[in-house]
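Structure first, commentary second.
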Protein chains: 2
Amino acid sequence: MTSEIEQSHAAISRSLELLWRGRGQRSRGPKPGLSLDAIVSAAVRLADREGLAALSMRRVAAELGVGTMSLYRYVPAKTELLYLMLDHVSAPNEPDEAEIAGESWLTRLERTGRETYQLYVDHPWLLQVNQSRPVLGPNSMLGLEYSLATLDGLSLTDPEKIQVIVTLDSYVTGTARHYALLRQAHEETGISDEEFWAAQGPAIEEAMREYSFPHLMRLSGEAFSMSQQSMLDFGLERVLDGIASFVAACQESRPDGPPETGQDHDCGPEDGATAGAGR
Amino acid sequence: MTSEIEQSHAAISRSLELLWRGRGQRSRGPKPGLSLDAIVSAAVRLADREGLAALSMRRVAAELGVGTMSLYRYVPAKTELLYLMLDHVSAPNEPDEAEIAGESWLTRLERTGRETYQLYVDHPWLLQVNQSRPVLGPNSMLGLEYSLATLDGLSLTDPEKIQVIVTLDSYVTGTARHYALLRQAHEETGISDEEFWAAQGPAIEEAMREYSFPHLMRLSGEAFSMSQQSMLDFGLERVLDGIASFVAACQESRPDGPPETGQDHDCGPEDGATAGAGR
DNA sequence: CTACATTGGGTACGTCGTACTCAGTACGGC
DNA sequence: GCCGTACTGAGTACGACGTACCCAATGTAG
């Protein structure tokens with residue numbers, strides 16, 4: 001059992017070496033006809049085009065006009081390839097100091113959120129990859145670094161900063177997932193949403209008769225007519241609003257910056273919004 | 001190509017028949033030794049225990065002490081089984097009128113969010129199943145029905161109600177995904193978070209030296225020490241706060257209930273929270 | 001009792017990830 | 001220049017997977 005753990009440790013080291021481009025220098029033998037980047041790029045291209053289900057080592061090799069097993073000279077296993085793909089598409093694209101200059105931290109946070117959303121729209125297969133461990137890729141770490149920079153000087157404790165970042169990321173990821181699942185369903189079945197609901201018609205009515213969903217039935221026809229864009233906009237506005245009022249409350253109750261030892265994030269908002277909204 | 005669409009239509013009908021328990025009456029032949037419920041329950045048990053990757057038709061059959069192909073007498077394909085599993089775990093558990101009576105719409109919304117979160121914690125494989133099409137299962141529709149009931153009488157338009165529900169669900173889903181991915185990484189590799197970061201140590205330091213992440217380095221040690229519970233609590237509070245202030249603003253600008261023809265959800269919050277929080 | 005609809009499940013095909021193996025290549029040391 | 005050797009590319013093979021197809025066993029309708 002210890003060996004199993006040691007093996008996993010070795011796997012981590014292997015991933016890290018690949019992620020940080022630590023490929024040792026070569027000396028003898030034929031020059032490699034492939035490169036890690038070429039493989040990862042081809043894999044990303046394939047996943048973008050046909051989805052994660054179609055991403056097999058054989059397909060990637062075919063994409064490169066190469067034998068299947070040749071890939072294993074560069075990548076120890078498919079899992080590691082996925083990690084590399086993950087870091088590959090998380091490329092920075094965030095600097096551009098010029099247009100950032102005049103932005104408030106809130107609009108900068110909003111832009112980060114939208115960029116993350118766009119990342120998932122461009123590469124839906126990201127949602128099916130476990131991102132929790134390879135957070136360690138250089139590009140992924142850059143993202144966190146930028147977000148932390150955005151929140152600098154706001155009198156938030158370190159845990160609070162992380163919580164703010166994770167909250168925004170969770171919302172954006174969840175929304176992107178909704179959208180990606182809809183698209184995927186459309187592409188896999190070849191059925192548009194309209195056709196789908198049309199096909200449902202009879203069964204739904206049957207169901208209505210048996211179970212009765214009063215509020216659902218009372219919905220107007222345009223209840224589901226919002227675009228994905230407006231769905232993202234609406235929720236993003238709510239989330240950022242909630243974050244902003246939290247930060248404002250913190251700012252007010254801690255005029256001299258965040259307390260040294262954090263953990264107590266009880267500078268909640270005034271809760272004035274909630275009052276009077278009861279039913 | 002038309003046949004392909006027709007085939008998909010047929011697939012939908014098949015799923016619906018199964019979902020709504022429309023199994024026809026039998027007449028001749030031996031009595032079935034299995035039941036749809038038994039299969040779905042066994043599949044859910046297996047997925048809960050060993051994850052979606054371990055859920056194969058052979059494994060489910062073995063779980064039931066039955067030949068593999070026998071399952072296909074009850075389920076047309078694995079996809080349909082997943083849909084059935086999805087609706088199976090989305091069981092109601094929401095009524096309980098007694099304790100609901102005194103709750104405001106906001107706390108009721110919060111409870112819905114927490115229940116959804118718990119659902120994903122109990123059945124992490126849900127996050128890997130495409131839920132966008134089989135929204136039509138009876139249990140899934142019940143969930144939407146309850147949420148709509150919660151938002152009744154709040155002078156929101158129908159699209160706004162949907163947007164509020166989807167916003168909350170997106171956040172909760174995203175958070176649950178973070179948690180599920182962490183757990184999955186732990187279980188698959190057999191490495192705890194502490195061991196993982198310890199193994200990272202050298203590589204991370206190496207990276208720091210080469211790329212330099214000033215804000216990341218300045219983080220205190222306890223920056224990542226929050227529990228999953230407190231992560232959920234923090235973000236949920238922010239999201240609900242943002243929703244509450246939106247509803248309050250709507251309430252104020254529409255004293256006589258929602259306008260008949262919706263779509264224009266421009267009754268944004270006063271934006272007072274954002275003011276003064278600029279950098 | 002016979003006919004036949006229905007059920008259980010065995011076999012087989014094409015896919016997958018990848019362990020193992022070996023032929024061919026081209027550089028370091030002489 | 002030449003050989004030894006480290007290295008690369010790729011074929012073969014194995015055990016998993018979903019499921020199409022087939023047949024034997026079953027038990028009710030007529």
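Worth saying up front: this structure is predicted, and the values here are computed from it rather than measured. In what follows, every chain begins at residue 1, and chains take the letters A, B, ... in the order their sequences are listed.
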Discussion item. Between C1' on C:dT18 and NZ on A:Lys78, what's the gap in Å once rounded to a whole number?
Written reply: 12 Å
Worksheet entry | Non-hydrogen atoms of B:Gln228 and B:Thr175 that approach each other most closely | OE1-O, 4.5 Å
Worksheet item: Does B:Tyr72 have a side-chain nitrogen or oxygen under 4.0 Å from the phosphate oxygens OP1 or OP2 of D:dC21?
Response: no
Worksheet item: For A:Ser230 and B:Gln163, which heavy atoms make the closest approach, and how far apart are they?
Response: O-NE2, 3.4 Å
Worksheet entry | Length of the line joining A:Glu50:CD and C:dT15:C1', which is rounded to integer Å | 15 Å
Worksheet item: Which of these nucleotides, C:dT18, C:dT7, D:dT19, is closest to any side-chain atom of B:Ala77?
Response: D:dT19
Discussion item. If the condition is salt bridge (Lys or Arg N to Asp or Glu O under 4.0 Å), which residues does B:Arg114 pass it with, not counting sequence neighbours?
Written reply: B:Glu110, B:Asp233
Worksheet item: Starting at CG of B:Leu36 and ending at P of C:dT7, how long is that distance when rounded to a whole Å?
Response: 12 Å
Practice prompt. Could you state the atom-to-atom distance from CG of B:Leu71 to P of C:dG9 in whole Å?
Written response: 10 Å
Item to complete: Go through the structure and list residues passing side-chain contact (heavy atoms from CB on, under 4.5 Å) with B:Thr167, not counting sequence neighbours.
Response: A:Tyr171, A:Phe234, B:Val239
Discussion item. What I'd like to find out is whether the side chain of B:Leu82 reaches to under 4.5 Å of the side chain of B:Leu52, using heavy atoms alone.
Written reply: yes
Item to complete: Give the C-alpha distance, both sets of side-chain angles, the deciding distance and a yes or no for side chain to side chain contact (heavy atoms under 4.5 Å, CB included) between B:Tyr179 and B:Tyr120.
Response: CA-CA 9 Å; B:Tyr179 176 62; B:Tyr120 284 120; over 6 Å; no
Fill in: Of residues 54-70 of chain B, the positions that come close to DNA chain D - non-hydrogen atoms, cut-off under 4.0 Å
B:Leu55, B:Ser56, B:Met57, B:Arg58, B:Arg59, B:Thr68, B:Met69
Worksheet entry | Euclidean distance, atom CZ of residue A:Arg73 to atom C1' of C:dA19 [Å, nearest integer] | 12 Å
Worksheet item: Which whole-number value in Å describes the distance from B:Leu81 CG to D:dT19 C1'?
Response: 14 Å
